[in-house]
Novice: 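After the structure tokens below, expect a handful of questions from me.
Only heavy atoms go into these numbers, but all of them, side chains included; no hydrogens, no water, no symmetry mates. Lettering of chains follows the sequences in order, A, B, ..., and the numbering in each one begins at 1. Only a predicted model underlies this, so the values are computations on that prediction, with no experimental measurement involved.
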Amino acid sequence: MASRYDPSVEEQKWQAAWARADIFRTPAAADSQGREKAYILEMFPYPSGKLHMGHVRNYAMGDTVARHRRAKGQVVLHPMGWDAFGLPAENAAFERGVHPREWTYQNIDAMRGQFKRLGLSLDWSREFATCDPEYYAAQQRIFIELWKHDLAYRKSSRVNWDPVEMTVLANEQVVDGKGWRSGAPVEQRELVQWFLKITAYADDLLDGLKSLERWPDKVRTMQANWIGRSEGALIWWDIVEAPDSIRQAGDVDGPNHARDPIEVYTTRPDTLFGASFIALAPDHPLTRSIAGHRPDVAAFMQDAASIGTSEEAIEKAPKLGVDLGIRVRHPFDDTITLPVWSANFVLSGYGTGAIFGCPAHDQRDLDFARKYDLPVRPVVLPDGAEADNFEIAAEAYTGAGRIFNSGFLDDMTIEAAKSAAIARLSAQDQGEGKVNYRLRDWGVSRQRYWGCPIPAIHCPACGTIPVPDAELPVTLPDDVTFDRPGNPLEHHPTWKYRTCPECQGEARRETDTLDTFIDSSWYFARFAGPSETAPVDVTEAAFWLPVDQYVGGVEHAVLHLLYSRFFARAMSDCGLLTITGDEPFAGLFTQGMVTHETYKSATGKWLAPTDVEMRGGVLIEIASGAPAIRGQIEKMSKSKRNVVDCDAILSSYGADVARWFALSDSPPERDVEWTQAGVDGAARFAQRVWALADTLAEAATLAEAGGLRGGGEGVADTQHPSIALRRTSHRAAAAIDDSISGFRFNTGIATLYEWVGALKKAEAEAGPEWHAARREGIAMLVTCLVPFMPHLAEAAWARIGGAGLISTAPWPVIDPSLVTQDTVTLPVQVNGKRRGEVVVARDAIVSDVEAAALAEVGVAAFIGDQPVKKIIVVPGRIVNIVV
RNA sequence: GCGGAUGUGGCGGAAUUGGUAGACGCGCUGGAUUUAGGUUCCAGUGCCGCAAGGCGUGGGGGUUCGAGUCCCUCCAUCCGCACCA
């Protein structure tokens, strides 16, 4: 009677065995020189307290890679920690009166337990949480170093203010004009904030993308677009005429500001002779200055500000503007003056917040010019068009051509004209070539409690100075209250007051904390080089970094993944880190989401999967017995109630089945739909493997087991039919090896299914040769199963009498002579259609193959007496006969 | 609008460099074992056709002895960015 595999017993047993033997501890870098290293990392989780299926898939992938690398003889670092600062802890404090620290560490304990149930091959000895004082102390030291190196600074600026979270957001954290977490429309506020100078690395971050060959193109493109490099020119337009009002406008921006030239950025200096107006952003300083005296301009500003930032709003908003009454002189022709408008389509945040309008060659400018009846003067002539009758109608011309109507630029190509224009502007001191970026410096101040305190002191006499090293870390006070909105550190009665370390006068602590994205911008380095004396042990980290394979969600394409690349460079320039190539993540894999069907009741209420069942082919809501509606397949989310509970799956099916299914059904970069049928299939597979091991259990002795690892001994000679099974095994092991290396877990799993089927079929065969071939195959299979179903692999290994832990075993040795065949089956086509197949020797000469193909019964019948025009033989592949 | 992908049976998906389309799983059909089964096992399963055979990888065209794969063109879906001067 065959036994059943019971994951609830076996999984705990083997997890305990791994822990006892401590087999996943990272080898010391010093002992690993000369061996290939592999740093495998999955994006560390936020400790929400509950594991979800997305986690299972993410960490299963990383673990499969890590276990495979170990089996391939590499030294592996595979750590885990917690991205533990952040707003949910404060919300919990506000709602339930529990302290954020307590809430967070309780969640970590709960989640660590769930992670351990998954049987991941993690080195828990390197675990940390970013809210550990040791971690944020190190982060404060990094911050002070950045500050000393001029990479952190304070400035007053208009910032994104999330009115719900009552804190500032970075540009990267604003999505469609709304806070990335709260979803509330973001407001603009003028505040003094800390910034990190990520723009100093704009070019470097862009160039570095080229070297990241093992990153998805999509992410590289997104980062390149985010950095948004463009080449062009700054042009200074002298004001020749201005209304009296702005002469009195010294009250706004300084005495002579109103007479300063207007600075414009353009990528098309070649079209300068086509300029017919200047347009300023609605909140450009000059617009604001004039609005103080012109009610119509003030009204225009108001209107422009009230238009939403959503896509539809922008698309529908008509181009609107107002003439500011200012006139400027054309830099290349004294006799031309242009009007200065303020226009709602000019962005204050890009370039200089001012443009010159060239309606003939820019659609937006053309729309604007048509509306306000401004001149349209074409200056680029398409090839083949005639200068005399080339006109712009409703569409601006943005293509290639020759410059005309443009004085000294006439007849040049666009590229030549750009250079010539810039040269002339520079010579006249009216402008200069300029590379512009969309990327802005990273605003990192957050008006929050549960984050890393910014180690700065504000002294009225000495200014803003760093907290002295001996006083680090600046720790968070425990006695805080969350009974009102805003920053508890600011509300604290005493915490912020202290004396200045330099003049001993009264001073104040900085009460803002750092954006939690900083916490995750260097954690990978801390894992690689833990240290008690420095943020990172530079030598140890230099051995392990860069991360060889990083696995996580694509949602961090321009947040975490860009910030980390910046930190790697900035820390390196501060002497805190050394990474060959400067890139923190050499390989990146962005996995797809876990989805599930959604269900609704007849009344439109979302129903959980456990609330419905099929009865007689109809979906029924169990509670009411009424029919339910099957909805879209969507990402698992609480609001849609289509979440499958991890604990329930782990309890009834075990970690191996959950891991297996999460990797089996779809390519890892795509979404996978969680289905009950799929989970059942995975569970069936586990039992089949167990049944296979069972067939060897009776006969297994330790003496036999000694030979299990080598493979091949006692097996048949090459003439025996069992050789076919041996070929299947060796090929499968090679195929699975390739699948895991290439991140194609789904095809590796398909190979395992086939392999089990082949071994199963061979049970019908008797004799010592077949027994040996099966024994070899099952031992190899179990070894190859380790990265996917590690617990089952251990149990099966023990069942067949294997010695030691299979998790520490090397990948099976593959006999190359069994992977290649001496005979091959070639399909034979006639005129490109398959009509039969022939078996020939692997190295058969072409004429023999041709003869065999023509002699094949089906082929011969099909050809009949038609003359053969040509025969194509692709050795080892195919034969095609043309008649 | 710009950029990145994707499109293959009833479903998820396989198919190194152009070389047997549909591996593997799910589902379905038939059969066996079982007191029973939502267990296990065996067989079948792209479409049309009685068959011979024909048709088949989003549509249309092309290159080639041969195209899911390469080229042109159109369509659809998803993701990201978006009045970026």
Novice: With rounding to whole Å, what would you report as the distance between B/U8 and B/G59 at their P atoms?
Specialist: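 Pairwise P distance, B/U8 against B/G59, rounds to 10 Å.
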Novice: What's the gap between B/G27 and B/G38 when it is taken at their C1' atoms, as a whole Å value?
Specialist: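 My reading of the C1' atoms in B/G27 and B/G38 gives 15 Å.
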Novice: Could you identify the nucleotide paired to B/U16, looking across every strand shown and requiring Watson-Crick or G-U wobble geometry with both distances under 3.5 Å?
Specialist: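 Its partner is none (no Watson-Crick or G-U wobble pair with both distances under 3.5 Å).
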Novice: Counting only side-chain N and O atoms of A/Arg670, is one of them less than 4.0 Å from OP1 or OP2 of B/G13?
Specialist: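 Answer yes for this pair, as a side-chain N or O of A/Arg670 is under 4.0 Å from OP1 or OP2.
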Novice: Does B/G44 pair with anything, Watson-Crick or G-U wobble, both distances under 3.5 Å, and if so, with which nucleotide?
Specialist: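 Its partner is B/C28.
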Novice: Could you check whether A/Arg220 gets within reach of a base, just the sugar-phosphate, or nothing at all, counting any heavy atom under 4.0 Å?
Specialist: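 If one applies the 4.0 Å heavy-atom cut-off, A/Arg220 turns out to touch nothing in the nucleic acid.
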Novice: May I have the distance from A/Ile633 (atom CD1) to B/U77 (atom P), rounded to whole angstrom?
Specialist: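 It is 17 Å, rounded to the nearest whole Å.
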Novice: Measure CG/A/Leu826 against C1'/B/G19 and give the value in whole Å, please.
Specialist: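 Interatomic distance, CG of A/Leu826 to C1' of B/G19: 10 Å.
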Novice: For the CD atom on A/Glu395, are there more than 12 heavy atoms of other groups (residues, nucleotides or ligands in this structure) within a distance under 6.0 Å?
Specialist: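 No.
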Novice: Could you work out which one of B/A85, B/U20, B/G4 sits closest to the side chain of A/Glu837?
Specialist: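 The answer is B/U20, which lies nearest to the side chain.
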Novice: So what's B/A23 paired with, Watson-Crick or G-U wobble, going by both distances under 3.5 Å?
Specialist: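 None - no nucleotide pairs with B/A23, as no candidate has both distances under 3.5 Å.
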Novice: What's the closest nucleotide to the A/Tyr753 side chain, out of B/G19, B/G25, B/C84?
Specialist: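 The answer is B/G25.
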Novice: Between A/Glu231 and A/Arg229, is there a salt bridge with N-O shorter than 4.0 Å?
Specialist: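 A salt bridge is present here (some side-chain N lies under 4.0 Å from a carboxylate O).
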Novice: Distance check needed: B/C2 C1' versus A/Arg438 CZ, whole Å only.
Specialist: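 A/Arg438 atom CZ is separated from B/C2 atom C1' by 12 Å.
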Novice: Using the side-chain heavy atoms of A/Thr747, tell me which of these nucleotides is nearest: B/A5, B/C55, B/A15.
Specialist: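 Side chain of A/Thr747 sits closest to B/A15.
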Novice: Okay, side chain of A/Asp441, backbone of A/Ile198: is any donor-acceptor separation there less than 3.5 Å?
Specialist: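 Yes, the answer is positive, given that a donor and an acceptor are paired below the 3.5 Å cut-off.
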Novice: A/Asp365 has an atom CG; how far is it from atom C1' of B/C83, in whole Å?
Specialist: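 That distance rounds to 10 Å.
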Novice: Any base atoms under 4.0 Å from A/Arg229, or only sugar-phosphate, or nothing? Heavy atoms, all strands.
Specialist: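 Answer is nothing: A/Arg229 stays at 4.0 Å or more from every strand.
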Novice: Pick the closest RNA chain B nucleotide for A/Val874 and for A/Gly681 by heavy atoms, then say which residue is nearer the 5' end.
Specialist: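 Between the two, 5'-proximity favours A/Val874.
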Novice: Students often get this wrong, so: under 4.0 angstrom with heavy atoms, is A/Val558 touching a base, only sugar-phosphate, or nothing?
Specialist: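 The answer is nothing, as A/Val558 stays clear of every strand by at least 4.0 Å.
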Novice: Within the 4.0 Å heavy-atom criterion, would you say A/Asp362 contacts the bases, only the backbone, or no part of the nucleic acid?
Specialist: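 No contact.
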Novice: Roughly how far apart are A/Trp674 CH2 and A/Met593 CE, rounded to 0.5 Å?
Specialist: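 With rounding to 0.5 Å, CH2 (A/Trp674) is 15.5 Å from CE (A/Met593).
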Novice: Taking the six-membered ring of A/Phe368, is the NZ or CZ of A/Lys319 close enough (under 6.0 Å from the centre) and on axis enough (within 45°)?
Specialist: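 Negative - A/Lys319 is either too far from the ring of A/Phe368 or too far off its axis.
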Novice: Given B/G80, B/U20, B/C65, which nucleotide is nearest the side-chain atoms of A/Lys870?
Specialist: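 Among the listed nucleotides, the one closest to the side chain of A/Lys870 is B/C65.
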Novice: Once you round it to whole Å, what is the distance between C1' of B/A21 and CD1 of A/Ile878?
Specialist: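 After rounding, the gap between these two atoms is 12 Å.
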Novice: In this structure, which one of A/Ile878, A/Val879, A/Ile881 forms a side-chain contact (heavy atoms from CB on, under 4.5 Å) with A/Gln829?
Specialist: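 Checked A/Ile878, A/Val879, A/Ile881 against A/Gln829; only one passes side-chain contact (heavy atoms from CB on, under 4.5 Å): A/Ile878.
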Novice: Which is true for A/Val882 with a 4.0 Å heavy-atom rule: it touches a base, it touches only sugar-phosphate, or it touches nothing?
Specialist: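 Contact class for A/Val882: sugar-phosphate only.
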Novice: Using the purine O4'-C1'-N9-C4 or pyrimidine O4'-C1'-N1-C2 torsion, is B/G9 syn (within 90° of 0) or anti?
Specialist: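 Syn, since the glycosidic angle lies within 90° of 0.
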Novice: Answer with base, sugar-phosphate or nothing: what part of the nucleic acid does A/Glu754 contact at a heavy-atom distance below 4.0 Å?
Specialist: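 Contact class for A/Glu754: sugar-phosphate only.
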Novice: Applying a 4.0 Å non-hydrogen cut-off, can you work out what A/Asn746 is touching in the nucleic acid: base, sugar-phosphate, or nothing?
Specialist: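 Result for A/Asn746 = sugar-phosphate.
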Novice: Say we look at B/C55 and B/C71: how far apart would their C1' atoms be, to the nearest angstrom?
Specialist: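 Nearest-Å result for B/C55 against B/C71 at atom C1': 25 Å.
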Novice: Nearest to the side chain of A/Asp665, which nucleotide is it out of B/A85, B/G25, B/A15?
Specialist: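 Nearest to the side-chain atoms of A/Asp665, counting from C-beta on, is B/G25.
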Novice: If you check the A/Arg684 side chain, which of B/A14, B/G80, B/U39 turns out closest?
Specialist: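 The answer is B/U39, which lies nearest to the side chain.
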Novice: Classify A/Pro216 by what it touches in the nucleic acid, base, sugar-phosphate, or nothing, heavy-atom distance under 4.0 Å.
Specialist: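 The answer is nothing, as A/Pro216 stays clear of every strand by at least 4.0 Å.
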Novice: What interatomic distance, in whole Å, is found between C1' of B/A23 and the corresponding atom of B/U57?
Specialist: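 Approximately 15 Å lies between the C1' atom of B/U57 and that of B/A23.
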Novice: Spell out yes or no: do the side chain of A/Lys319 and the base of B/C83 have one donor N/O and one acceptor N/O closer than 3.5 Å?
Specialist: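 Yes.
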Novice: Mind checking the P distance from B/G56 to B/G68? Whole angstroms is fine.
Specialist: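 10 Å, rounded to whole Å.
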Novice: Both distances below 3.5 Å, Watson-Crick or wobble geometry, any strand: find the nucleotide opposite B/U39.
Specialist: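 Its partner: none found.
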Novice: Does B/A21 have its OP1 or OP2 closer than 4.0 Å to a side-chain nitrogen or oxygen of A/Arg834?
Specialist: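 For B/A21, neither OP1 nor OP2 has a side-chain N or O of A/Arg834 closer than 4.0 Å.
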Novice: Among B/G27, B/C24, B/G4, which nucleotide sits nearest the side chain of A/Ala677?
Specialist: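 It is B/G27.
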Novice: Under a 3.5 Å limit for both distances, which nucleotide forms a Watson-Crick or G-U wobble pair with B/U57, could you say?
Specialist: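 Pairing partner, where one exists within any strand: none, as none qualifies.
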Novice: With nearest nucleotides of RNA chain B determined for A/Val672 and A/Ile355 from heavy-atom distances, which residue corresponds to the more 5′ nucleotide?
Specialist: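 Of the two residues, A/Val672 wins.
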Novice: Quick one about A/Ser729 and A/Trp755 (side-chain donor to acceptor, distance below 3.5 Å, no hydrogens or angles considered), yes or no?
Specialist: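 Yes, a side-chain donor-acceptor pair sits under 3.5 Å.
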Novice: Which base sits across from B/U63 as a Watson-Crick or G-U pair, both distances under 3.5 Å?
Specialist: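 Base partner found: none.
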Novice: Is there a side-chain contact between A/Arg688 and the phosphate of B/C41, meaning an N or O under 4.0 Å from OP1 or OP2?
Specialist: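 Yes, such a contact exists.
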Novice: Please tell me which of the listed nucleotides, B/A82, B/A5, B/G19, lies nearest to the side chain of A/Ile872?
Specialist: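 Nearest nucleotide to the side chain: B/G19.
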Novice: Can a side chain N or O of A/Tyr265 be found less than 4.0 Å away from OP1 or OP2 on B/A85?
Specialist: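 No, because none of the side-chain N or O atoms of A/Tyr265 sits under 4.0 Å from OP1 or OP2 of B/A85.
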Novice: Choosing from B/G66, B/A85, B/C24, which nucleotide comes nearest the side chain of A/Gln829?
Specialist: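 Selected nucleotide (nearest to the side chain): B/G66.
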Novice: Both distances below 3.5 Å, Watson-Crick or wobble geometry, any strand: find the nucleotide opposite B/G7.
Specialist: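 B/G7 is paired, partner B/C75.
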Novice: Could you state the NZ-P distance from A/Lys218 to B/C78, rounded to the nearest angstrom?
Specialist: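 Rounded to the whole Å, the gap is 13 Å.
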Novice: From the options B/C83, B/G80, B/G13, select the nucleotide whose nearest atom is closest to the side chain of A/Ser666.
Specialist: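 Given the options B/C83, B/G80, B/G13, the side chain of A/Ser666 is closest to B/G13.
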Novice: Does A/Arg659 pair with A/Asp656 as a salt bridge, N-O distance under 4.0 Å?
Specialist: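 Between A/Asp656 and A/Arg659 there is no salt bridge, as every charged N stays at least 4.0 Å from the carboxylate O atoms.
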Novice: If the P atom of B/U6 is compared with that of B/C72, how far apart are they to the nearest Å?
Specialist: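 It comes out at 16 Å once rounded to the nearest Å.
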Novice: Quick one: label A/Ser664 by what it contacts on the DNA or RNA (base, sugar-phosphate, nothing), any heavy atom closer than 4.0 Å.
Specialist: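 A/Ser664: no heavy atom of the nucleic acid under 4.0 Å.
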Novice: In whole Å, what is the span from the CG atom of A/Leu209 to the P atom of B/G4?
Specialist: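 One finds 14 Å between P of B/G4 and CG of A/Leu209, rounded.
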Novice: Hunt down the Watson-Crick or G-U wobble partner of B/C81, both distances under 3.5 Å, from any strand shown, or write none.
Specialist: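 Base partner found: B/G1.
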Novice: Rounding to an integer number of angstrom, what distance separates B/G46 and B/U33 when you compare their P atoms?
Specialist: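 28 Å, rounded to whole Å.
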Novice: Taking A/Lys210 first and then A/Glu213, would you say they form a salt bridge - that is, a charged N and a carboxylate O separated by under 4.0 Å?
Specialist: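 Salt bridge between A/Lys210 and A/Glu213, a charged N being under 4.0 Å from a carboxylate O: no.
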Novice: Is a side-chain donor or acceptor of A/Glu856 paired with a backbone partner of A/Ala853 at a separation under 3.5 angstrom?
Specialist: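 Looks like no, no N/O pair under 3.5 Å.
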Novice: When the distance from CH2 of A/Trp226 to C1' of B/G3 is rounded to whole Å, what number comes out?
Specialist: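 Interatomic distance, CH2 of A/Trp226 to C1' of B/G3: 15 Å.
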Novice: Could you work out the separation of B/A76 and B/G60 based on their C1' atoms and round it to a whole Å?
Specialist: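 Taking atom C1' in both B/A76 and B/G60, they lie 15 Å apart.
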